[in-house]
Amino acid sequence: MRWRFRRHKLAIVGSIVVIFFYTVVLFADFLAYAPPTESEAQRSLLAPQGIHWVDHGRIDPYVYGFTGRRDPLTLKRVYTLDPTKKISLRIFAHGFPYRLFGLIPTDRHLIGVVGARTEDTLFVLGTDEQGRDLWSRLMYATRTSLIIGLAGVTIALFLGVLLGGISGFYGGGVDTAIQRVIEILRSIPTIPLWLGLAAALPNDWTIGQVYFAITLIISLIGWTELARVVRGRFLSLREEEFVMAAELAGSSQVRIILSHMVPSFLSHIIAATTLALPAMIVSETSLSFLGLGLRPPAVSWGVLLQQAQNVQALAISPWLLIPAIPVITVILAFNFTGDGLRDAADPYGH
Amino acid sequence: MAAADQPILDVRDLRTYFFREEGTVKAVDGASFEVFAGRTVGIVGESGCGKTVTAKSILRIVERPGRVVGGQIYLRRAAHNGQASTVDLATLDPDGAEIRRIRGGDIALVFQEPMSSISPVHTIGNQMVETVQLHTGLGASAAREQAIEMLRLVGIPKPERRIDEYAFQLSGGLRQRAMIALALGGHPRILIADEPTTALDVTTQAQILDLLRHLQAQEQMAIVLITHNLGVVAEMCDEVVVMYLGRVVERGPVDAIFHAPKHPYTRMLLRSIPSIHAQVRTKLPTIAGSIPHPFNRPRGCPFHPRCPDFMPGVCDQNEPELRAVSESQAVSCFLYGAP
Amino acid sequence: MLAYLSRRVVLALLTVGAISVLSFVIIRLPPGDYISSYIASVSMSGGFVSEQEVQVLRREYGLDKPVYVQYLRWMGMVVQGRFGVSLEYRRPVSEVIGDRLWLTMVVAIAAVVLTWALALPIGIYSAVRQYSLGDYIATFVGFIGLAVPSFMLALVLMYLGFKYFNANIGGLFSGEFDLAPWSLAKVWDLAKHLPLPTLILALAGTAQLIRIMRANLLDELSKPYVVTARARGLSERRVILKYPVRVALNPFASTIGYLLPYVVSGSIIVSLVLGLPTVGPLLLRALVAQDMFLAGTIVLLLGVLTVVGTFLSDLMLLWIDPRIRLEGTR
Amino acid sequence: MPSIAQSWLLSEDGKSATIYLRKGHKWSDGAPFTADDFVFWYEDIYLNTDIQPVPNPDFMVNGKSGVLRKINDTTVRFEFPEPNYLFLDILAGSTAMGGGMAQQGYEDRTMGAYRPAHYIKQFHPKYVGKDEADRKAKAAGFPSWVAYIKNRWDWRLNPDLPMLTPWKTATPINTPTWVLERNPYFYEVDTAGNQLPYLDRIVMTLAENLEVLNLRAIAGEYDLQERHTAMPKIPVFLENRDKVGYNLALDPALNGCDAVLQTNQAYDGDPEIVAWLHTADFRRALSMGIDRDQLNETFWLGLGTPGSVAPNESLPYSPGPEWRNKWATLDLAQANGLLDKVGLSKKDADGYRLRTDGKGRLRLEIATAAGSFINHTQISEMVKEQWKKIGIQGDVKEFERSLHFTRMRSNEQQIAVWANDGSEVLYLFPRHALPVDPVEAFLGKPIADWYASKGTAGKAPKDPELLRALDLFRSANGKKTEERYKIAQEIWKILVDQVYSIGTVGQSPAVMGVRVMSRKLGNMASRQINAQHCRTPGSSQPSTYYFKG
């Protein structure tokens, strides 16, 4: 299994990328250097800052200070660098306070500046219309979106394994009923289903509740595919001799499922899950695009992309499209990892 | 030398390796045997000893990452001017036109699972006509006539109707007959039958073997019979090649092998055949141990870990070579000559 | 065979019934109703609706009745082939949809065809040359389409089209052809507008198909009949294309049923961004405005399309796969 | 109305308004337009309770209905039991009663005071019988004759409807392309005697999406576009105007604010919040905690005017320039002082003020609607950030537009954001300034119910100043113009001083004020009045637009 996975070179790259992104999830506050909502009109739509790496012949990264104004003719914000004002960068610098992993209070961040507030001076990926630092927002967005994806998959996995398992293990009428439900669910076009469900959310819910509900909605759609996989495996495993043997030996059904069947198709489940995750992430961005997913002030990939989804972003501030890069990267990574896992779990791709 | 004395297929030191990332699997590692017109060679051995890969190597249809890496496969065939010529199949381009003419035309292959060896979504006729046309250049209707003839030849009743049926519509025996008919479409001179009877019941087995014998007599075909069933070998073959872990460990006329087996492995194989003369409830002898994992090929003689006559310091240090022990019999074992 | 077919028909009808209930539930799920969104839109443009008027409107559209009565009334109409009047467009639903339905079909079918044209060769190639450089590149390119959010791709391509190629922006027709009666020139105009939406829609589905084709084919490539075919002296191209590809295509037949409705509903977002006059944006608008007859009809239509599609692809599978067709005839 | 009338006369006592029509004025199908078209509307439509179940407030004064009387073929008179000096304004404004076709035809309002009787009669049961009217409706796919007749007189939907306007519908609005064609009987001529309009056809295409619309406008695919062309895109328009060949005009609006934070004065949820929303100094502190220059720079490109909700100073309703900045400039010291003074002096570790009932941090919900002309959600987010400095925690929540209204109607909102467009003409469109209209009253739906029902329903405002403002507003109805202006100024002073509605930035082109005009078009105004009652672009005489060359 391990060997077969390793043959899939893209899968190895993919899994490394996935691990990298979930590291970002864990350390989002640390990697960000500005609170994601801190706005300032005087730095609205600032392009990504160039970081200068070498100063006086040694490596001492710095950025220039700047002043901004609105051009009265083009009505664009224009910024001029102030070459006399060099602001040095430091790693593990002090910045805004937060709790690492939600527990450890600290104010250390991966990068920061010397002699000024980082929030006012450092804009690695530029700023949005409200002058909020894109890099920091991207870190928090990554956290939100990837957690939603993971949570959604977990719920879908639970439903899928449970219902698919029941369907496949008992067969007969139960199987038919569950298969029918799946068929009906799949016949309903997804977007109206989302729209209906998302619009039905009570409005007085907090962002946290909405967050959870969106996850739930996304997973409601995702479980049918997993259920299908699980059912298929169950059906074929039921015929396998070792299961029959266990049955004859009088093991209880739960025991059979847990100790005999589940381990034998765990790898399939893992592969199917990995492939379901990017679908969840795409769903989240699509829902946000339709204005039905997470909404500002929540920060997610969908929210960031939605804000860049306009003509002026393309024409004046193309850097607002940067969040598309991690989205694409992570979706590819998940897909390749999933493909690799599936090839490894089942070389003939059943 | 007379043509009849010359082998039509001469395999020498054939080596086919599979290059996996985990390591190289030497599926066939020095196999040599000869095939004569109108005669039958049996290749025997346990599962995984390289019998099937040998067959595929001859036709040059080993799947990637497998590759024929060494040896020669001489095929003597009639050239256009009526003179015989010899080609080394091992040097041909496996995707080239020449080898494609040989496949099916000179050498045909019959597999053990007739059900999955015939396309499930094409009629038997469709596939037969295709083969006939490819190797004879006949028109569609003539090819169909010939296909029907071929089906009749292999003993399929109502061939005019059966030709438009699918493999799964036939019974097991008929299916195998159809498979043979399909292989014979290009009038090959050599038929490689890979476990042709394994999936069949005993009565049908006998019928199929009869059929093969009958065809051989009629068409002067050479047959390479790959099997693990020594009973079949005894019944059908003129020569026997015993393979173990990709190597030929012994070869010789069928009588010699059965009555005077030299290699310890051959002896063990023979001993594991149930005998009607044996006493009831005696335990059937088995070969101790199991075939080593292909990556963990033992040093020295590959059979030494299971060999009852294992000679420490000899068998685990050096690889034996196939040496003649009589005019017709050869064996690769240090019992018959020190390294 | 006949028993099988009639069983399928009955099941399909039951499914359609369930879908109709579900469609109605979906469009009635959000709080409020058409009247409240109507008031919102009137207020937005500075209009005025009095409380009394609201009551009258509710009565007129039957929105004061319990939900199940509304459903039964709607179904009663649908069964008679009347789909009601769109509350927002003030036109019979069939007319509102009719304009767009066939354009939707054109876009969807074009997208499906392109998806297949892209996915099948890539899928075959990457199965036959598994783990080769070409496999990696083809898979990677195929998956890019899956990974790039389609709404973003649509806007970016549209903008680049304007910026660098002076292309028409969005829609399926140029302004001067919007109203023109059908003519060769108009068809040509449509053809010029089609590539962008078709490409974006096709890219989204390509990866999935590549993956299915590759897996199916890998499965088949190791079957003995492929070896046999090769051993009969067929050329490699013929071996692959005639046998395993043909078998691997069978499962595809069963996906056709889902594919069309999937593309239609998947096209909502792309159609929205590109401003295509298709059913997608209409559905979205109808849902937001809670134009229940219109939204309900479209959702129902898509559901029925799926059921019919599934049924048809079962028939097709029956037709192309002798194993299923002849099962039990021996 | 002013354009179809030759002249009009309001009686000295304000109880009757007489409209004189032009002799020989014709509908677009050539039929004569006479007083009978008014009478038909009044008797068979307005008084028909199937169509108009209750009288419309626009046709009432102090709750008493007016009547319409035909004097002769070209003269009609509206009569009221009490003085109604406002009525001419109502007829002329963008109201249900007036507003010409734009308003009357909008959805199925029955107002507008006249109908092409000769055409509409064929759908009316009084003239063809109820069975026949219903049969026609059914045949056309409508549930009842009422629904059908409303469809028939909707000028945007029915190309057959005779019109008086410069253009009439050729293909209806509910198709992808809405086409208007010239009305051959339009009454206007230019000074050279050429009949107007110059333009034969107007084609409006439906863009399924605003970005497509804007991009098309940027690419010059439209000859004229002014709605939904958004402010943040102005730089892109400017960048492309010479390349593509169009002009860009910015028409600032007259209303005070494009984004108003309306405090719900009838909120009955969390008592602590209720108490603070009712505290004037609390509201003032919130207002002074907003950095309007930042908002202006970010969302209005610096083109707006920061300040209170009061309308533009050039209008007679304006209380005066000193009310622009009253309680409406950033003053953190004063704001914090006020908040400390009113009893919100305790703060938590993060610097946010605590509730007085000990239940933790004081949180105010700010509700916004998705898809507003200018992005209210983002503006509110920025306000929320600014309020951190005065220790106030705001929770911004965006709602789908109709939900925003549904919540308002069920009185769930604490602070809701909306524009106050239309409030520049206080008497015709007060709903964005005062809670008087139950349909839209972000300052408190129960108060509007109370006001509209004259105290029989809803809830009276607790705040005496608000009560005074409402009393003033009610008293103005029968007053003469000059007096009405004075009262309006008084009302604005109360509203600005009490800060029920927190103004941000306004008098900008944000709403329908970004006008993209092809250079091929002539007679285009470089600036036009951008106000609700002028129905842009109506104020710049579209019938005189023409294509050059």
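Here the structure is a predicted model, which means the values were calculated and not measured. Residue numbers begin at 1 in each chain, while the letters A, B, ... track the order of the sequences.
With a 4.5 angstrom heavy-atom cutoff, Ile144(C) touches chain A via backbone and side-chain atoms both. Heavy atoms closer than 4.5 Å to chain A are found in both the backbone and the side chain of Ile19(C). There is no contact between Val304(C) and chain A, counting heavy-atom distances below 4.5 Å. Contact annotation for Ala315(A): both backbone and side-chain heavy atoms come within less than 4.5 Å of a heavy atom of chain C. Interface remark: Thr329(A) contributes no atoms to any contact with chain C (heavy atom separation under 4.5 Å).
Interface remark: of the candidates Val282(A), Ile331(A), Ile328(A), Val327(A), Ile328(A) forms the most heavy-atom pairs closer than 4.5 Å to chain C. Ranked by heavy-atom pairs under 4.5 Å with chain A, the first of Ile269(C), Thr15(C), Val16(C), Leu283(C) is Ile269(C).
Side-chain atoms of Ser271(C) and Thr278(C) form a donor-acceptor pair, as typed in the model, at a separation below 3.5 Å. Side-chain polar atoms of Ser145(A) and Glu284(A) form a donor-acceptor pair below 3.5 angstrom. If you check the side chains of Ser167(A) and Gln179(A), you find a donor sitting under 3.5 Å from an acceptor.
Within the model, atoms CZ of Arg214(C) and OG of Ser126(C) stand 5.0 Å from one another, a figure rounded to the nearest 0.5 Å. Here Leu314(A) contributes atom CG and Tyr159(C) contributes atom OH; the two are 6.5 Å apart, rounded to the nearest 0.5 Å.
A 4.5 Å side-chain heavy-atom check between Val21(C) and Tyr71(C) finds at least one atom pair inside the cut-off.
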